[in-house]
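If you're wondering where the values come from, they're calculated on a predicted model, not measured in any experiment.
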Amino acid sequence: MAAGISESEARVMEALWRDSPLSAEQVIAEVAKAQGWTEATVKTLLNRLLRKKAITAKRDGRRYLYRPRLKRPDYVAAESRDLLDRLFGGKLAPLIAHFSERQEISEDEIAELKKLIRGLDDGR
């Protein structure tokens, strides 16, 4: 399905994941101002996402309505895997170590990580 969603395209996807279907004008209203984008930029991003098959467009009178074809959990899983593969050799432990060395991890986050690990242990 959709390969290589850029950061800009992901902002458009987030708008569509929050609420869809949306017209191009609605997507523009959602994302253009905050990003400093023109109407043409948003329409270009919509067209790229259509070519990548990340979204669909259905004619509605004189306009098109866009909706995500790519599900957000699938996108997050692919992006997470890509990050792990590119930066940490596909291993989760070095990612956690990186964060623990570079910034303080809160007690709540540590407790949540321990709970996740216990859940993994219990499931095996």
Would you mind writing out the side-chain donor-acceptor pairs for residues 13-21 within the sub-3.5 Å range, not counting sequence neighbours?
{"unit_1": "E14", "atom_1": "OE1", "unit_2": "R72", "atom_2": "NE", "d": "3.2"}
{"unit_1": "E14", "atom_1": "OE2", "unit_2": "R72", "atom_2": "NE", "d": "3.2"}
{"unit_1": "E14", "atom_1": "OE2", "unit_2": "R72", "atom_2": "NH2", "d": "3.1"}
{"unit_1": "W17", "atom_1": "NE1", "unit_2": "L70", "atom_2": "O", "d": "2.8"}
{"unit_1": "R18", "atom_1": "NH2", "unit_2": "E30", "atom_2": "OE1", "d": "3.0"}
{"unit_1": "S20", "atom_1": "OG", "unit_2": "L16", "atom_2": "O", "d": "3.4"}

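If you chain together hydrophobic residues whose side chains sit under 4.5 Å apart, V31 and I5 fall into the same group. Residues I28 and Y64 share a hydrophobic cluster, clusters being chains of Ile/Leu/Val/Met/Phe/Trp/Tyr side chains in contact below 4.5 Å. Hydrophobic clustering of Ile, Leu, Val, Met, Phe, Trp and Tyr side chains at less than 4.5 Å, counting indirect connections, unites W37 with L50. Cluster annotation: V76 is not connected to L83 through the hydrophobic network of ILVMFWY side chains, with a link wherever side-chain heavy atoms come within less than 4.5 Å. If you chain together hydrophobic residues whose side chains sit under 4.5 Å apart, L92 and F88 fall into the same group.
To the nearest 0.5 Å, atom OG of residue S100 and atom CD1 of residue I105 are 5.0 Å apart. Distance check, rounded to the nearest 0.5 Å: CD of E7 to CD of E9 gives 11.0 Å. To the nearest 0.5 Å, the span separating CD1 on I96 from CD1 on I110 amounts to 11.0 Å. Summarising the geometry, atom CZ belonging to R118 is positioned 10.5 Å from atom CG belonging to L113; distances are rounded to the nearest 0.5 Å. Interatomic distance, OG of S6 versus CZ of R11, reported as 10.0 Å (0.5 Å rounding). With rounding to the nearest 0.5 Å, the separation of CG in L65 from CG in L22 is 8.0 Å.
A donor-acceptor pair is defined here as one N or O able to donate and one able to accept, closer than 3.5 Å; such a pair exists between the side chain of Q26 and the backbone of S23.
The minimum heavy-atom distance between K91 and P94, with the atom names listed, is O-CD, 3.4 Å. Listed here is the closest heavy atom pair of V42 and A32: CG2-CB, 4.0 Å. Across all non-hydrogen atoms, the minimal contact from L46 to I55 is O-CD1, 3.5 Å. Closest non-hydrogen pair, A24 versus K43, comes out as CB-CE, 4.3 Å.
T44 pairs by the side-chain contact (heavy atoms from CB on, under 4.5 Å) definition with R48, not counting sequence neighbours. Listed by chain and number, the residues in a salt bridge (charged side-chain N to carboxylate O under 4.0 Å, His left out) with R59 amount to none (sequence neighbours excluded).
Salt bridge annotation for R63-D60: present, with a cationic side-chain nitrogen under 4.0 angstrom from a carboxylate oxygen.
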Between S106 and E109, is a side-chain contact (heavy atoms from CB on, under 4.5 Å) present by the stated rule, with each step listed?
-> CA-CA 5 Å; S106 73; E109 289 173 313; 3.3 Å; yes
